[in-house]
Amino acid sequence: MVRALFPGSFDPIHFGHVDIASRAARLFDEVVVGVYDRPLKTLMFSPEERMALVIESFRKQKNVRVMGYNGLTVNFCKQIDAQVIVRGLRVFSDFEFEFRMALANARLSPGIESVVFITREEHTFLSSSSVREIAILGGDVSSMVPAHVSAALKEKIAEIGDQQSNPFGIRI
Ligand code: ADP
C-alpha cells in the first residue's frame, strides 16, 4: 500500500491542483491532500475555508483524502505513514524551488520519495495567485477553478468590499 501526500496552501484550489491529485490517485493507492494550515504568507482563505474547498473538489474520488497540517511536511508524512510527496511542475522557474525542497526533504527523511508531475499544457499558466488576482479584478475564473471555488471567491471578494478594506491589502 503506497500512500502519497500532496501538500500545498491551496489558496484556493484550482484545476491544476485537481489534475495533479487525480493523476497521483491513479498511480498510488491513496493520496492525502495536505492543506498547510500555517503558511508564512498572508492568505485569502482561512485554513478551514481552504480545507472545505479542497474536500468538495475531491468528494467523488474514493482514494483521495484531505487533511490539514502544520510543521514540517516530512513529519506529517511520518505521522500518516506516507512514503511519497507529490508536487506539480508548471514552468521552468518552478523547478529550482521544487528541486531544493525535494533535496531538503530527502536530507531530513531519506526514506520519503518526492515525485513531481508535469502539468498538463492547458494548466501551465494556472496558479492560485493568478486566480485570486483575476477574481479580484472582476475576471471570469470559471475555466480555472471548480464552480464551488468560483462561488467562494465571489463571496470572499464581496465580503472584503463590504468591510471597505483595501482589496489590494490581500496578497494577490
Ligand atoms: P505552495 O503553497 O506549496 O506554494 P500551491 O498550494 O500553490 O503551493 O501548490 C501546491 C503544489 O501544486 C505545488 O507543487 C505546485 O507546483 C503545484 N501546482 C500549482 N499549480 C499548478 C498547475 N497549474 N499545474 C501543476 N501543478 C501545479
Side-chain angles (χ1 to χ4, degrees), residues 3-28 30-58 61 64-77 80 82-106 108-109 112-136 139-146 148-150 152-153 156 170-172:
R3 180 176 291 124
L5 172 70
F6 178 38
S9 305
F10 305 107
D11 186 45
I13 187 163
H14 54 64
F15 285 138
H17 295 131
V18 172
D19 178 57
I20 298 294
S22 306
R23 285 160 61 197
R26 287 203 295 271
L27 218 57
F28 303 113
E30 186 176 80
V31 172
V32 173
V33 181
V35 180
Y36 190 47
D37 82 359
R38 229 177 300 152
L40 303 170
K41 48 192 182 183
T42 314
L43 299 175
M44 185 183 233
F45 292 97
S46 70
E48 296 72 27
E49 289 169 331
R50 287 181 282 128
M51 279 273 290
L53 295 175
V54 176
I55 289 170
E56 180 61 21
S57 306
F58 297 107
Q61 263 176 285
V64 178
R65 270 202 296 151
V66 183
M67 296 174 81
Y69 80 102
N70 53 32
L72 281 175
T73 299
V74 286
N75 287 351
F76 184 57
C77 282
I80 62 169
Q83 303 92 321
V84 175
I85 296 175
V86 164
R87 299 285 289 177
L89 263 192
R90 284 160 292 196
V91 285
F92 202 70
S93 54
D94 281 347
F95 177 78
E96 190 178 350
F97 179 75
E98 296 297 341
F99 185 67
R100 282 174 189 275
M101 202 157 61
L103 291 182
N105 285 334
L108 290 170
S109 191
I112 297 172
E113 290 292 343
S114 291
V115 174
V116 177
F117 285 74
I118 306 295
T119 191
R120 283 196 199 288
E121 209 181 333
E122 65 266 33
H123 298 139
T124 311
F125 75 98
L126 253 184
S127 68
S128 293
S129 60
S130 56
V131 166
R132 293 196 299 273
E133 182 167 8
I134 292 166
I136 284 173
D140 178 10
V141 293
S142 59
S143 66
M144 304 171 197
V145 296
H148 66 281
V149 176
S150 226
L153 277 162
K156 179 63 77 180
I170 296 173
R171 188 178 172 279
I172 55 174

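Note: hydrogens, waters and symmetry copies are ignored here, and every other heavy atom, side chains too, is used. Each ligand, and each atom within it, is numbered from 1 in the order the structure gives.
- Between Thr124 and ligand 1, no pair of N/O atoms sits closer than 3.5 Å.
- Residue Gly88 has at least one nitrogen or oxygen atom sitting less than 3.5 Å from a nitrogen or oxygen atom of ligand 1, judged on distance alone.
- For Glu48, the side-chain hydrogen bond (donor to acceptor under 3.5 Å, both in side chains) criterion is met by Ser46, not counting sequence neighbours.
- Taking distance alone, with nitrogen or oxygen atoms compared against 3.5 Å, Leu126 approaches ligand 1 more closely than that limit.
- Proximity of His14 to ligand 1 is established by a heavy-atom distance of less than 4.0 Å.
- Of the possible donor and acceptor atoms, none in the side chain of Arg132 sits under 3.5 Å from a partner among the backbone N and O of Leu43.
- In the vicinity of Phe6, heavy-atom distances shorter than 4.0 Å reach the ligand 1 atoms 11 (C), 12 (O).
- Counting the atoms of ligand 1 from 1 in the order shown, those under 4.0 Å from a heavy atom of His123 are 22 (C), 23 (N).
- His17 places a side-chain heavy atom less than 4.5 Å from the side chain of Phe6.
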Donor-acceptor pairs are to be reported for all side-chain atoms of residues 88-104 against protein atoms at under 3.5 Å, with residues two or more places apart or in another chain.
residue, atom, partner, partner atom, Å
Arg90, NE, Asp94, OD2, 2.9
Arg90, NH1, Leu126, O, 3.2
Arg90, NH2, Asp94, OD1, 3.4
Asp94, OD2, Arg90, N, 2.9
Glu96, OE2, Arg100, NE, 3.1
Glu96, OE2, Arg100, NH2, 2.7
Glu98, OE1, Arg87, NE, 2.8
Glu98, OE2, Arg87, NE, 3.3
Glu98, OE2, Arg87, NH2, 3.1

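- Between Ser128 atom OG and Met144 atom CE the span is 12.0 Å, to the nearest 0.5 Å.
- Under a 3.5 Å cut-off, the side chain of Gln83 and the backbone N or O of Ala4 do not form any donor-acceptor pair.
- Interface atoms of ligand 1 facing Phe10, defined by a heavy-atom separation under 4.0 Å, are 6 (O).
- Counting only heavy atoms from C-beta outward, the side chains of Val149 and His14 never approach each other to under 4.5 Å.
- Ligand-side atoms of ligand 1 in range of Ile20: 25 (C), 26 (N), range being under 4.0 angstrom from any heavy atom.
- Closest heavy-atom approach to atom 22 (C) of ligand 1 among the candidates Arg50, Met144, His17, Arg90: Arg90.
- Residue-level proximity to ligand 1 for Glu98 is carried by the side chain, the only part with a heavy atom below 4.0 angstrom.
- Contact annotation: the side chain of Leu153 approaches that of Met44 to within less than 4.5 Å [non-hydrogen atoms, C-beta and beyond].
- When the heavy atoms of Ser9, Pro7, Gly16 are ranked by distance to atom 6 (O) of ligand 1, first place goes to Ser9.
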